Every structure is written in C-alpha cells, then in structure tokens.
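It should be emphasised that the depicted structure is a prediction, and the values quoted were computed from it without experimental measurement. One-based numbering along the sequence shown.
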Amino acid sequence: MKVKNETILLLPLSNVKKLTEIIRLLDNELNWKMLSLIAQKEANVTELIVATKKDQSAVSFYLGKLRKAGIVETRRNGKNVYYSINEKVFNQLSNYINELVWKLSN
C-alpha cells in the first residue's frame, strides 16, 4: 500500500506527535500495571503505590501523563483523587491498535 504524504498508517500527520506520546506511555510496564488495575476499579495514588510497589513520585508522574493523554480520568473525593479508565479513549485506542495489528498481519 502506497502511503500518501499527508498520512502515516491512516493517521493524519497532525496527530503523529500525539500518537508518539501515547506509544511511549504504553511502552512502560508501570503504566500497564496501573491501567490493568484501574480498568478493574478506580483507585487512588496510595492504592496504586501499594499494588505496584513503586514510589509515590513515579506513580504520580505517570498518572499525570496518562491523564494528560486522556487515557485516564480523575474524580476528587475530599483529599483523594481517584483514577479510572477513560473508556471512550481507551476503546478507540484499542480499536486502532487492533486494526493496525490486523492490517500488518494480513
């Protein structure tokens, strides 16, 4: 398949930077652990620290990046911030990855 100048893998060039950021986020074991945990139920930073056995700065840093990318959402309850999967964005991302893998394997 010939790729036109304005697209890469059916993605507009204007979205390539965002896609690169998301791919980098997904190339991180801690992020996958946290996503797996909060896909099951929302969790706060303390719960994620205990579950991942990572320090607070690492957990908070990557949660911030996941939130900025729109992959996770937050809900405040008093002093606690609870994180959950942004299902719409995560489903779109999953569909895109599945489509890409399917096209590359056929």
Side-chain angles (χ1 to χ4, degrees):
M1 175 173 124
K2 187 174 181 178
V3 177
K4 294 181 182 179
N5 288 336
E6 68 272 5
T7 61
I8 296 176
L9 299 173
L10 306 176
L11 184 72
L13 285 176
S14 59
N15 293 344
V16 170
K17 182 177 181 182
K18 182 72 169 177
L19 177 62
T20 302
E21 291 171 8
I22 291 170
I23 289 170
R24 286 183 181 143
L25 285 173
L26 298 178
D27 186 28
N28 180 293
E29 185 178 348
L30 176 57
N31 288 344
W32 278 111
K33 286 179 182 178
M34 292 191 300
L35 288 172
S36 296
L37 292 166
I38 63 176
Q40 296 172 36
K41 72 175 190 84
E42 68 176 8
N44 63 30
V45 172
T46 302
E47 293 167 330
L48 293 169
I49 291 168
V50 171
T52 61
K53 298 181 176 120
K54 298 293 182 182
D55 60 51
Q56 182 270 332
S57 61
V59 169
S60 293
F61 176 79
Y62 285 111
L63 283 172
K65 291 207 171 267
L66 291 167
R67 184 178 50 76
K68 184 178 177 187
I71 298 172
V72 299
E73 299 175 313
T74 60
R75 177 183 67 83
R76 184 171 290 279
N77 185 7
K79 291 184 178 181
N80 289 314
V81 176
Y82 289 87
Y83 293 84
S84 60
I85 293 287
N86 179 337
E87 290 185 26
K88 181 181 176 186
V89 171
F90 195 75
N91 287 339
Q92 289 174 337
L93 181 60
S94 296
N95 290 339
Y96 180 77
I97 291 170
N98 286 333
E99 181 182 337
L100 179 60
V101 169
W102 183 83
K103 285 181 179 183
L104 290 174
S105 31
N106 288 316

* Structure fact -> The salt bridge (Lys or Arg N to Asp or Glu O under 4.0 Å) partners of R75 (sequence neighbours excluded) come to E42
* Structure fact -> d(E87 CD, E73 CD) to nearest 0.5 Å is 8.5 Å
* Asked: Should R24 and T20 be marked as a side chain to side chain contact (heavy atoms under 4.5 Å, CB included) after you check the CA-CA gap, both sets of side-chain angles, and the distance that decides it?
  -> CA-CA 6 Å; R24 286 183 181 143; T20 302; 3.7 Å; yes
* Taking every non-hydrogen atom, the tightest pair across S105 and V101 -> OG-O, 2.6 Å
* Same cluster or not: are I49 and Y62 linked, directly or through other Ile, Leu, Val, Met, Phe, Trp or Tyr residues, by side-chain heavy atoms under 4.5 angstrom apart? -> yes
* Evaluation steps, side chain to side chain contact (heavy atoms under 4.5 Å, CB included), between E29 and K54 -> CA-CA 11 Å; E29 185 178 348; K54 298 293 182 182; over 6 Å; no
* Structure fact -> The reported gap from OG in S60 to NZ in K65 (rounded to nearest 0.5 angstrom) is 13.5 Å
* V81 side chain near N44 side chain, heavy-atom distance below 4.5 Å -> no
* **4.5 Å side-chain heavy-atom contact, N77 and Y82** => yes
* To do: Kindly indicate whether the side chain of T52, heavy atoms from C-beta on, has any atom under 4.5 Å from the side chain of L37.
  => yes
* Asked: Once you round to the nearest 0.5 Å, how far does CG of L30 lie from NZ of K53?
  -> 13.0 Å
* **Any side-chain heavy-atom pair of L35 and V72 under 4.5 Å** => yes
* Set of side-chain contact (heavy atoms from CB on, under 4.5 Å) partners for I22, sequence neighbours left out -> K18, L26, A69, I71, L93
* Structure fact -> Distance col, row L63:CG vs Y83:OH, nearest 0.5 angstrom, shows 5.0 Å
* Please check if the side chain of D27 supplies one atom and the backbone of I23 the other of a donor-acceptor pair under 3.5 Å. => no
* Report the C-alpha separation of I38 and L48 in whole Å, then their side-chain angles, then the decisive distance to 0.1 Å, and conclude whether the side chain to side chain contact (heavy atoms under 4.5 Å, CB included) test is met. => CA-CA 9 Å; I38 63 176; L48 293 169; 4.0 Å; yes
* **Within one Ile-Leu-Val-Met-Phe-Trp-Tyr cluster: V50 and V45, side-chain cutoff 4.5 Å** => no
